[in-house]
**Student:** 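One structure, as structure tokens, below. Some questions next.
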Amino acid sequence: MPRHLVTAVMEWFGDAARDLPWRDPDCSPWGVLVSEVMLQQTPVVRVEPAWRAWMERWPEPADLAVADQPEVLRAWGRLGYPRRALRLQECARALTDRHGGAVPSATEELLALPGVGEYTAAAVRAFAFGERDVVLDTNVRRVIGRAWNGTAYPRAHLTRAERSFAAGLVPEDRDEAATWNAAVMELGALVCTSRAPQCAQCPLESDCTWVAIGRPGLGEGAGRSQAWHGTDRQVRGRVLAILREAVDPVALETHPALADVDPGQLDRCVTSLVEDGLIRPASGAAYSL
DNA sequence: AAGACGGGGTA
DNA sequence: TACCCAGTCTT
């Protein structure tokens, strides 16, 4: 196992690490957990201001647990996947109910929390508690795949073999493990990017298997572009955007900003939003957060 | 194992 | 315009 690659990434991180508020040594485990949930599919630059406002408003799980849902959804704003906001509040309630208002450090307890899956549980353990764990997000998988395995893009699903290989890279030492997890993720986010990797800036360039074989497959593994325009997801987003801005309940089916939406699709989306608990029927045929 | 689920920045 | 992003949950 070429350990010197691991060392090179950790040394690179010493100079290149971004100064992010949830990396502050004084940041609470709750702050780390909030950041990780927000960062699920939303880039750092958009999360940072929302995270600061969120933490100022609800500094502890107990604060968020008793917040009004419409306020929570408005604070979530345009981060996307708003069901995460509801899960985060459910998570806060679970923390106050089951864990005395604190974030647990045991994997099993973390995984039992709403909105916390394999990645987030590992990330909280590593970044909030300094535990030695295997943190595998899309960045880490891409770096390992390229530098050690010579593949341009990771598979759609995490395999047992991939998890096992990544585990073998994590340093035995607790502090080094924590540094490695943050460092390799940062390398994937800043240098070993998906579309346009900056190999000339990479500490692994001279040791990278993928570079050695000529960087094959760049731009290929992209898969089919996910449809967006006119999808239910887009319509749901538009409905939510209207209700976030509204002071009073809104009659959606006659709303001018939704006039171009097929009535059947609009009805389907409104129904699903109600089922998801994101909106609720108000007076008459109007809806609100 | 596959599909659903937001939204905006970037090339 | 197309692609990408610190994933999770449901079926």
Side-chain angles (χ1 to χ4, degrees), chain A residues 13 17-18 20-23 27 31-51 73 76-88 90-91 110-128 133-144 152-160 166 181-190 192-198 218-244 268-269 271-273 275-279:
Chain A
F13 185 64
R18 287 171 291 183
L20 301 172
W22 46 87
R23 284 183 178 159
C27 182
V32 172
L33 175 52
V34 171
S35 79
E36 293 300 341
V37 171
M38 288 183 169
L39 287 163
Q40 292 166 2
Q41 303 289 285
T42 305
V44 166
V45 287
R46 288 171 52 205
V47 164
E48 187 166 350
W51 182 89
L73 289 174
W76 191 261
R78 296 181 167 276
L79 291 180
Y81 294 115
R83 292 187 297 191
R84 289 183 293 164
L86 299 188
R87 292 199 194 108
L88 189 52
E90 293 170 25
C91 178
L110 286 165
L111 288 175
L113 298 170
V116 177
E118 177 178 354
Y119 163 76
T120 302
V124 168
R125 281 172 52 75
F127 304 144
D133 216 323
V134 186
V135 183
L136 270 182
D137 74 330
T138 187
N139 289 311
V140 177
R141 297 179 65 206
R142 191 174 53 246
V143 172
I144 294 176
Y153 299 103
R155 301 290 197 76
H157 283 289
L158 196 54
T159 63
R160 187 174 290 104
N181 280 320
V184 68
M185 189 178 298
E186 191 81 332
L187 186 66
L190 298 182
C192 193
T193 58
S194 180
R195 179 65 70 85
Q198 312 286 306
L218 186 61
E220 285 176 16
R224 224 176 21 253
S225 64
Q226 59 184 156
W228 169 244
H229 185 75
T231 60
D232 282 9
R233 277 207 292 186
Q234 188 194 33
V235 172
R236 284 167 54 105
R238 290 170 63 187
V239 168
L240 225 38
I242 289 168
L243 296 185
R244 273 199 308 268
R268 181 170 71 246
C269 290
T271 299
S272 72
L273 285 167
E275 286 174 351
D276 287 346
L278 286 163
I279 70 175

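In what follows, chains are A, B, ... by sequence order, proteins preceding strands, each numbered from 1.
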**Student:** Let's see if you get this right: which residues in residues 32-44 of chain A place a heavy atom under 4.0 Å from DNA chain B?
**Tutor:**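 Residues of residues 32-44 of chain A that come under 4.0 Å of DNA chain B are, in numerical order, A/Q41, A/T42, A/P43.
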**Student:** Once side chain to side chain contact (heavy atoms under 4.5 Å, CB included) is applied, do any residues pair with A/L278, and if so which ones, sequence neighbours excluded?
**Tutor:**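 Side chain to side chain contact (heavy atoms under 4.5 Å, CB included) check on A/L278 returns A/L73, A/P82, A/R83, A/L86, A/R236, A/L240, A/L273, A/D276.
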**Student:** Please name all residues satisfying side chain to side chain contact (heavy atoms under 4.5 Å, CB included) with A/A241, sequence neighbours left out, ordered by chain then number.
**Tutor:**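 So A/A241 forms a side chain to side chain contact (heavy atoms under 4.5 Å, CB included) with A/R78, A/R244.
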**Student:** State which residues pass side chain to side chain contact (heavy atoms under 4.5 Å, CB included) with A/A123; sequence neighbours excluded, sorted by chain then number.
**Tutor:**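 Once residues adjacent in sequence are excluded, the partners of A/A123 under the side chain to side chain contact (heavy atoms under 4.5 Å, CB included) criterion are A/E36, A/Y119, A/F127, A/V135.
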**Student:** Run the side chain to side chain contact (heavy atoms under 4.5 Å, CB included) test against A/R155 and tell me which residues pass, sequence neighbours left out.
**Tutor:**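 Scan of A/R155 (side chain to side chain contact (heavy atoms under 4.5 Å, CB included), adjacent residues dropped) gives A/R141.
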**Student:** Under the rule for salt bridge (Lys or Arg N to Asp or Glu O under 4.0 Å), what residues qualify as partners of A/D137, not counting sequence neighbours?
**Tutor:**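 In terms of salt bridge (Lys or Arg N to Asp or Glu O under 4.0 Å), with neighbours along the sequence ignored, A/D137 is linked to no residue.
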**Student:** Going by the salt bridge (Lys or Arg N to Asp or Glu O under 4.0 Å) test, which pairs reach into residues 40-51 of chain A, not counting sequence neighbours?
**Tutor:**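 Checked against salt bridge (Lys or Arg N to Asp or Glu O under 4.0 Å) - neighbours excluded - the pairs reaching residues 40-51 of chain A are A/E48-A/R52.
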**Student:** Listed by chain and number, what are the salt bridge (Lys or Arg N to Asp or Glu O under 4.0 Å) partners of A/R238, not counting sequence neighbours?
**Tutor:**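 A/D260.
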**Student:** Kindly point out which of C/dC3, B/dG6, B/dG7 is positioned nearest to the side chain of A/R195?
**Tutor:**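 Selected nucleotide: C/dC3.
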**Student:** Determine the interatomic distance between P on C/dC9 and the same-named atom on B/dG8; round to the nearest Å.
**Tutor:**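 Comparing P positions in C/dC9 and B/dG8 gives a spacing of 24 Å.
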**Student:** Using a cut-off of 4.0 Å on non-hydrogen atoms, how would the nucleic acid contact of A/T193 be classed: base, sugar-phosphate, or nothing?
**Tutor:**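 No contact.
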**Student:** Report each atom pair, protein N/O against N/O of nucleotides 9-11 of chain C, whose distance is under 3.5 angstrom.
**Tutor:**
residue, atom, partner, partner atom, Å
C/dC9, OP1, A/G115, N, 2.7

